[in-house]
2 protein chains.
Amino acid sequence: MTEQQAVLDMLEILECGGCVEPAHFFTLMRRTFRIAHLLYLEAEPYADELKICRLHHTFGAYAAEIYRSRNLHRIDPILKLALGGVRPVEWTMARHRFPDCEPLFEAAQEIGLSTEGVALPLPSPAGRMALLALNVNMSADEWTAYRRQHLRDFQLAANLFHAAMLEHAAMPGAFSARERLTGRETEVLTWAAAGKSYWEIATILGISERTVRFFMTNARRKLNVVSNTQAVAQAVRHALIPTV
Amino acid sequence: MTEQQAVLDMLEILECGGCVEPAHFFTLMRRTFRIAHLLYLEAEPYADELKICRLHHTFGAYAAEIYRSRNLHRIDPILKLALGGVRPVEWTMARHRFPDCEPLFEAAQEIGLSTEGVALPLPSPAGRMALLALNVNMSADEWTAYRRQHLRDFQLAANLFHAAMLEHAAMPGAFSARERLTGRETEVLTWAAAGKSYWEIATILGISERTVRFFMTNARRKLNVVSNTQAVAQAVRHALIPTV
DNA sequence: ATTTAAACTGTCACTACCGACAGTTACGCG
DNA sequence: CGCGTAACTGTCGGTAGTGACAGTTTAAAT
């Protein structure tokens with residue numbers, strides 16, 4: 001059971017947060033499993049459109065260009081199913097359920113990619129969605145057996161990597177590099193997000209109302225916003241204040 | 001590897017959607033793994049409170065009563081960590097990081113429950129959070145080894161069961177069932193989150209300032225909040241308004 | 001020992017927000 | 001047609017938030 005051991009070791013590395021670079025994670029996954037390609041996508045559903053927040057993959061620039069130029073995202077059933085649900089999405093299953101998506105799989109074969117794989121939906125706090133898609137280079141029967149054995153590993157690995165991505169980039173460049181909020185500023189914002197007035201926050205924190213205003217003003221300045229409402233919106237979006 | 005086989009079989013059952021009853025799932029889990037008790041909780045972060053949407057567990061009525069009557073939810077670090085993050089939460093880890101939570105673990109020992117276990121956060125679409133907590137009856141060392149081997153199984157099982165729960169019930173008391181925001185209410189909230197005043201929003205939308213207030217008041221009522229700031233915080237958390 | 005940052009406070013004047021009063025208009029559905 | 005729902009508007013009075021004025025204190029880092 002050397003393979004089993006390798007898998008468990010890898011999962012342990014991930015759980016200890018030892019892997020935040022997508023490239024590193026992809027390498028680790030390809031070394032541990034018989035995976036041909038990986039893709040990690042984080043997006044926000046906006047109306048019926050998708051706003052892509054993060055995208056990392058190993059398919060290469062050529063494949064990406066094909067995908068983009070032919071507007072394959074419009075017909076990609078894997079995107080639709082994985083970002084809209086919470087269950088693993090089997091590529092061939094998606095293919096059969098959506099006859100319109102053939103151009104996608106034709107394009108894959110055209111550039112020599114396998115059409116076997118699975119996509120794992122990864123819901124995030126704050127309504128964002130992500131997915132990790134795994135592409136394998138094996139026969140259908142082989143894949144069925146391999147998948148049965150390793151889906152649990154894929155799922156845990158995907159969850160842990162996703163967690164690392166969320167924690168890591170909770171404060172994307174702009175905020176971490178720019179002025180960070182102090183403890184009090186965060187506290188005051190948190191209570192404001194809970195609907196408390198200055199007077200209430202002052203009472204809760206045991207300080208004067210003026211001081212609450214002081215922290216709030218500093219927070220507004222640091223976040224570069226004009227109102228408490230906007231500040232809280234920003235803070236929630238960037239996970240600067242706790243959800244619960 | 002009979003145990004391995006049993007695990008894989010169970011996961012397959014779950015993936016085929018063959019288990020939507022919590023009681024059934026719990027039985028299946030306890031038969032397959034060396035798990036003493038399970039708890040599944042689905043909640044919405046609501047202001048500074050938690051609104052519990054669904055709760056199923058095997059701890060029994062007595063334990064539940066103890067938990068409720070002593071207000072242990074206020075100090076439960078597992079709730080806090082699992083509903084606020086995306087990583088598995090080890091019970092002993094949580095215990096060490098939050099010294100205030102001793103009464104919780106004392107109560108557990110008092111009624112003969114083990115204090116070893118793990119809680120798996122399960123984010124759902126639409127900003128809701130859930131968790132599956134697993135309680136085991138083994139020594140710390142035993143648990144460490146067992147956990148290492150089976151965390152991946154727990155995670156996949158939790159995800160699949162959670163998926164079944166989401167697909168199955170029509171969310172009693174959730175946002176979808178509760179009053180939904182209308183188009184204008186969403187628009188007004190969106191602009192408020194962008195820091196616009198009533199007057200500005202009125203100008204942007206080409207309506208009167210009073211009407212903006214009208215929509216905002218309706219939104220506050222529907223979201224059950226007391227200020228625009230809190231409304232925007234909720235809306236962002238629940239992905240009711242688009243991210244800028 | 002000086003600098004830096006965080007935490008803290010007071011007052012004035014203005015603007016924005018918010019609840020409660022009481023409506024009108026337009027559209028779809030049974 | 002009546003019913004429900006979404007969109008829309010006016011006015012009053014009180015409370016909450018915001019900017020600009022001008023500070024003190026404490027603790028850690030250089």
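All values derive from a computational prediction rather than experimental measurement. In what follows, every chain begins at residue 1, and chains take the letters A, B, ... in the order their sequences are listed.
Nearest-nucleotide positions on DNA chain D place B:Glu185 closer to the 5' end than the other of B:Glu209 and B:Glu185.
Out of C:dT9, D:dT9, D:dC8, the shortest distance to the side chain of B:Ser208 is found at D:dT9. Nearest to the side-chain atoms of A:Thr211 among the listed nucleotides C:dT11, C:dC18, C:dC8 stands C:dC8.
For C:dG19, the base has a donor-acceptor partner in the side chain of B:Arg213 [N/O atoms by modelled type, under 3.5 angstrom].
Of the possible donor and acceptor atoms, none in the side chain of A:Gln234 sits under 3.5 Å from a partner among the backbone N and O of A:Ala231. For the pair B:Asn159 (side chain) and A:Gln155 (backbone), a donor-acceptor distance under 3.5 Å is absent. B:Ser114 places a side-chain N or O within 3.5 Å of a backbone atom of B:Val136 that can act as its donor or acceptor partner.
Between A:Thr182 and C:dA7 there is a side-chain N or O to OP1 or OP2 distance below 4.0 Å. The phosphate of C:dT15 (OP1 or OP2) has no side-chain N or O of B:Tyr198 nearer than 4.0 angstrom. Taking 4.0 angstrom as the limit, B:Asn228 places a side-chain polar atom (N or O) nearer than this to OP1 or OP2 of C:dC18.
Within the nucleic acid shown, A:Arg220 comes within 4.0 Å of sugar-phosphate atoms alone, with no base atom in reach, counting heavy atoms only. Within 4.0 Å (heavy atoms only), B:Phe214 reaches at least one base atom of the nucleic acid. Within the 4.0 angstrom heavy-atom criterion, base atoms lie near A:Arg210.
Ionic pairing of B:Arg95 and B:Glu90 is not present here: no N-O contact between side-chain nitrogen and carboxylate oxygen is shorter than 4.0 angstrom.
As rounded to whole Å, 12 Å separates atom P of C:dC17 from atom CD of A:Gln230. Rounded to a whole Å, the CG atom of B:Asn218 is 13 Å from the P atom of C:dA20. C:dT9 atom C1' lies 10 Å from atom CZ of A:Phe215, rounded to whole Å. Whole-Å rounding puts the B:Lys196 NZ to D:dT18 C1' distance at 17 Å. One atom, CG of A:Leu205, and another, P of C:dT9, lie 10 Å apart when rounded to the nearest Å. Taking atom CE of A:Met216 as the reference point, atom P of C:dC8 lies 14 Å away to the nearest angstrom. Atoms CZ (A:Arg184) and P (D:dT25) sit 19 Å apart, rounded to a whole Å.
If you take NE2 on B:His73 and CZ on B:Arg68, they are separated by 9.5 Å, rounding to the nearest 0.5 Å.
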